[in-house]
Amino acid sequence: MNRLADETSPYLLQHASNPVDWYPWGDDAFARARQEDKPILLSVGYAACHWCHVMEHESFEDSETAALMNERFVSVKVDREERPDVDGLYMEAVLALAGHGGWPMTVFLTPDGRPFWGGTYFPPEPRHGLPSFRQVLTALADAYRDRRSELDLQAATLTDAIREAARLAPSGDPLTTGLLTGAVSTLRRAFDAEHGGFGGAPKFPPAPTLEFLLRRAHAGDDTALAMARTTLDRMAAGGMYDLVGGGFHRYSVDAVWLVPHFEKMLYDNALLASAYIHAFVVTGEERYREVAEGTLDYLLRELLLDEGGFASAQDADTDGVEGTTYTWTTEEVESVLGEPHPEWLLPFEHGRSILRGELPAADREKLLAARAGRPQPERDDKALAAWNGLALAALAEAGRRLDRADYLDAARRLADFLLGPLSDERGRLYRTRRAGVSKIDGYLEDYAAVAVGLHALYDATGERRFIDEARRLALLAVELFADDDRGGFFLAPADGDGLVARRKELDDNPTPSGNSLLAYELLRLARLWGDDELVGQATGVFRLAHSLLERAPVAVGFLLCALDLHFSTPREVALVGESEELRRAVLAGFEPNTVYAFADGPDDGIPLLSGKDLVDGQPAVYVCERFACRAPVTNAADL
């Protein structure tokens with residue numbers, strides 16, 4: 001066993017028995033590199049990553065390769081999900097060097113942490129134009145010994161470029177609604193009208209972009225609605241979507257959403273559940289509700305942890321082979337259902353097929369019961385704050401919109417988990433928790449996503465503690481991450497690990513960026529508290545991302561949602577008193593740019609509620625724009 005045996009990350013523990021003398025990320029590794037004057041070999045991946053497993057089996061379990069690594073490098077293994085700051089920093093370097101990125105990621109660093117060369121997967125023998133991993137190791141170790149000045153120059157150049165990118169200046173161009181209409185036009189040009197989604201294979205589920213399109217549809221844009229519906233329908237047809245057990249796999253290797261990489265991620269399913277809920281509300285079509293419920297039921301069945309949080313992912317592989325749990329033969333289907341149903345089966349690999357079609361509910365239940373008896377993929381059972389915040393938002397909204405008390409119960413437990421075991425004595429968030437251990441200070445996305453989730457739970461329940469905690473975490477995020485000089489927010493706090501560059505992230509890769517999530521939440525809180533300073537903080541994010549909003553809207557879908565909120569007429573709704581009928585009427589429909597406040601009587605804690613009371617002893621609703629309110633309503637029909 002190597003040093004990774006003391007870690008909690010399932011990904012790191014997968015490598016604990018490698019003959020490689022792995023270090024976790026930390027001072028010990030860099031101290032040894034400086035002392036022995038060796039380069040750092042940084043390997044980054046995650047537990048559900050198929051090609052990470054392949055490279056481990058081919059190279060890291062190979063004694064000859066491990067001996068070379070141990071002799072000439074200090075090797076560091078990082079779980080990208082635990083350390084998005086490390087992953088994002090060195091991914092920028094790999095993208096600059098290789099023109100593409102992915103996982104496993106392999107980066108070579110000087111002992112002070114500056115990158116000088118990198119790539120992704122390397123095979124054990126040369127093939128497809130790639131050198132073998134051992135060739136890479138030998139060449140770079142020799143270069144570090146014999147051509148140090150060249151590598152130092154390369155490292156300095158790369159590091160300076162990454163630092164400069166972090167110093168992005170805000171745009172002086174005006175923020176206008178033309179950014180929203182222009183984004184729809186740009187998305188239309190990239191749209192696959194036949195299969196949905198944007199661009200060709202591989203295809204990743206564009207949940208934040210779908211949310212933006214549904215907002216534009218709500219504003220009357222039929223083109224936006226057509227793009228959203230086509231994509232939602234094609235993704236849910238089977239393959240990418242698990243027709244038997246619910247939930248979405250990570251991405252499709254083809255353009256038709258049929259053959260996925262089979263890992264299932266918490267964040268995809270949380271984001272897509274929300275998108276299908278909103279599609280159901282916008283269109284009234286039951287099939288979207290069914291997909292949303294199937295996805296959330298999957299989360300509760302497969303990813304729920306004992307403490308109330310959710311696990312991060314399920315693996316792509318079962319017993320070393322990808323997709324075997326989820327695929328079928330005609331004989332297997334016939335043995336379960338009594339009929340082979342070849343019309344549902346589309347070829348995959350190794351004589352197995354993927355299910356696609358209209359499966360009756362009774363048949364799905366039988367197939368799921370049979371599938372449960374098979375070997376199952378491994379589960380990455382660490383809980384990440386940000387991804388659980390996204391799940392909280394989905395469960396809370398689905399609970400109230402779909403009348404699912406079990407979803408609301410799960411959401412309350414999840415909120416208690418995030419504010420309890422996943423928080424420290426100062427009220428700050430941890431990034432991750434597993435096996436009873438919480439660690440790593442939270443990043444921007446953790447604070448922002450949890451605040452968004454708590455706000456959604458407040459809307460669903462009216463319980464004051466949830467909005468107070470959402471506001472506390474959002475304001476704490478401003479304190480910890482804000483760039484007072486150029487606007488926007490850094491990924492890591494100023495008192496973090498002291499990486500060679502402090503970065504900002506603005507794009508949805510693969511989740512909404514912390515900047516997008518926090519800008520959105522700050523705008524909503526600003527409308528409840530009448531706080532223009534929070535509006536200014538959000539606007540700073542829009543100015544930083546101005547060029548992205550114009551040229552790459554598919555990469556900033558959630559930021560476009562926040563911008564849509566920014567440009568909307570501020571509408572506030574206050575419900576005073578307990579009335580389930582009024583609550584249902586207030587929250588019905590798709591009103592993504594309305595904010596809500598709830599109280600039993602006048603409440604000066606939230607300015608929107610100040611001075612608002614029962615009317616003749618009856619619960620009342622106050623509908624306001626910019627805090628100017630119409631006459632209160634006590635009858636739901638009058639709303």
Side-chain angles (χ1 to χ4, degrees), residues 214-215 218-220 274 277-278 280-284 289 393 395-409 411-412 415 452-471 520-521 523-532 534 564-565 568-639:
L214 290 170
R215 283 169 169 266
H218 179 64
S274 292
I277 290 165
H278 295 151
F280 164 65
V281 178
V282 169
T283 67
R289 174 184 179 137
L395 284 165
E397 184 167 9
R400 72 172 175 86
R401 288 195 182 277
L402 308 182
D403 289 323
R404 290 285 299 261
D406 56 333
Y407 291 169
L408 282 179
D409 289 343
R412 285 190 176 93
V452 168
L454 289 168
H455 198 143
L457 188 53
Y458 172 69
D459 287 347
T461 65
E463 294 177 31
R464 176 62 180 272
R465 67 187 179 108
F466 296 129
I467 193 64
D468 287 342
E469 287 295 322
R471 182 169 181 257
Y520 175 77
E521 182 59 21
L523 288 172
R524 299 187 77 212
L525 293 170
R527 294 189 176 185
L528 286 175
W529 265 267
D531 190 338
D532 289 340
L534 300 185
D564 180 67
L565 172 62
S568 69
T569 300
R571 176 180 290 176
E572 309 92 20
V573 176
L575 170 59
V576 180
E578 288 291 331
S579 167
E580 186 60 27
E581 182 184 16
L582 284 177
R583 167 178 282 278
R584 287 178 177 274
V586 161
L587 295 172
F590 186 60
E591 297 292 340
N593 294 327
T594 298
V595 295
Y596 304 92
F598 309 93
D600 294 330
D603 184 337
D604 292 332
I606 298 178
L608 177 60
L609 294 168
S610 181
K612 297 177 176 64
D613 205 345
L614 304 175
V615 174
D616 296 329
Q618 298 183 67
V621 176
Y622 297 77
V623 178
C624 314
E625 289 187 2
R626 296 187 178 90
F627 278 62
C629 302
R630 304 175 191 174
V633 171
T634 57
N635 188 324
D638 293 337
L639 286 171

I'd like to know if the side chain of His218 and the backbone of Leu214 have a donor-acceptor N/O pair within less than 3.5 Å. no
Separation between CG (Leu534) and CD (Glu521), nearest 0.5 Å, reads 10.0 Å
Here the salt bridge (Lys or Arg N to Asp or Glu O under 4.0 Å) pairs for residues 628-639, sequence neighbours left out, are none
Arg400 meets the side chain to side chain donor-acceptor pair (under 3.5 Å) criterion, sequence neighbours left out, with none
Heavy-atom closest pair (Ile277 atom, Ala398 atom, distance to 0.1 Å) is CD1-CB, 3.3 Å
Smallest heavy-atom separation, Ala415 atom then Leu454 atom, equals CB-CD2, 3.9 Å
Taking every heavy atom of Thr569 against every heavy atom of Glu625, the minimum-distance pair comes out as CG2-OE1, 3.7 Å
In residues 605-618, what donor-acceptor pairs under 3.5 Å come from side-chain atoms, sequence neighbours left out?
| unit_1 | atom_1 | unit_2 | atom_2 | d |
| --- | --- | --- | --- | --- |
| Ser610 | OG | Asp604 | OD1 | 3.1 |
| Lys612 | NZ | Leu608 | O | 2.7 |

Heavy-atom closest pair (Ala460 atom, Leu408 atom, distance to 0.1 Å) is CB-CD2, 3.8 Å
Worksheet item: Between Leu528 and Ile467, is any pair of side-chain heavy atoms under 4.5 Å apart?
Response: yes
Shortest non-hydrogen pair, Val576 vs Gly601, comes out as CG1-CA, 3.6 Å
Shortest non-hydrogen pair, Tyr407 vs Leu395, comes out as CB-O, 3.6 Å
Taken in chain and number order and not counting sequence neighbours, the residues that satisfy side chain to side chain donor-acceptor pair (under 3.5 Å) with Arg401 are Glu397
Applied to residues 592-636, the ring-ring contact (aromatic ring centres under 6.0 Å, His included) test, sequence neighbours excluded, yields Tyr458-Phe598
Contacts satisfying salt bridge (Lys or Arg N to Asp or Glu O under 4.0 Å) that involve residues 591-602 (not counting sequence neighbours) are Arg571-Glu591
Query raised in the report: So His455 and Leu525, side-chain contact (heavy atoms from CB on, under 4.5 Å) or not? Walk me through it.
Result: CA-CA 9 Å; His455 198 143; Leu525 293 170; 4.2 Å; yes
field: Arg626/Glu572 ion pair, N-O < 4.0 Å
entry: no
TODO: Evaluate the side-chain contact (heavy atoms from CB on, under 4.5 Å) criterion for residues Glu463 and Leu457: first the C-alpha distance (whole Å), next the side-chain angles of each, then the deciding distance (0.1 Å), finally the verdict.
DONE: CA-CA 8 Å; Glu463 294 177 31; Leu457 188 53; over 6 Å; no
task = Check whether any side-chain heavy atom of Val633 lies under 4.5 Å from a side-chain heavy atom of Val623, and answer yes or no.
result = no
### Query
Looking at Arg524 and Asp459, does any basic side-chain N land under 4.0 Å from a carboxylate oxygen?
yes
Sidechain N-carboxylate O distance under 4.0 Å for Arg584, Asp403: yes
Checklist line | Exercise: do Ser568 and Arg527 side chains pair donor with acceptor under 3.5 Å | finding: yes
Could you please spell out the steps behind the side-chain contact (heavy atoms from CB on, under 4.5 Å) verdict for Leu587 and Val573? CA-CA 10 Å; Leu587 295 172; Val573 176; over 6 Å; no
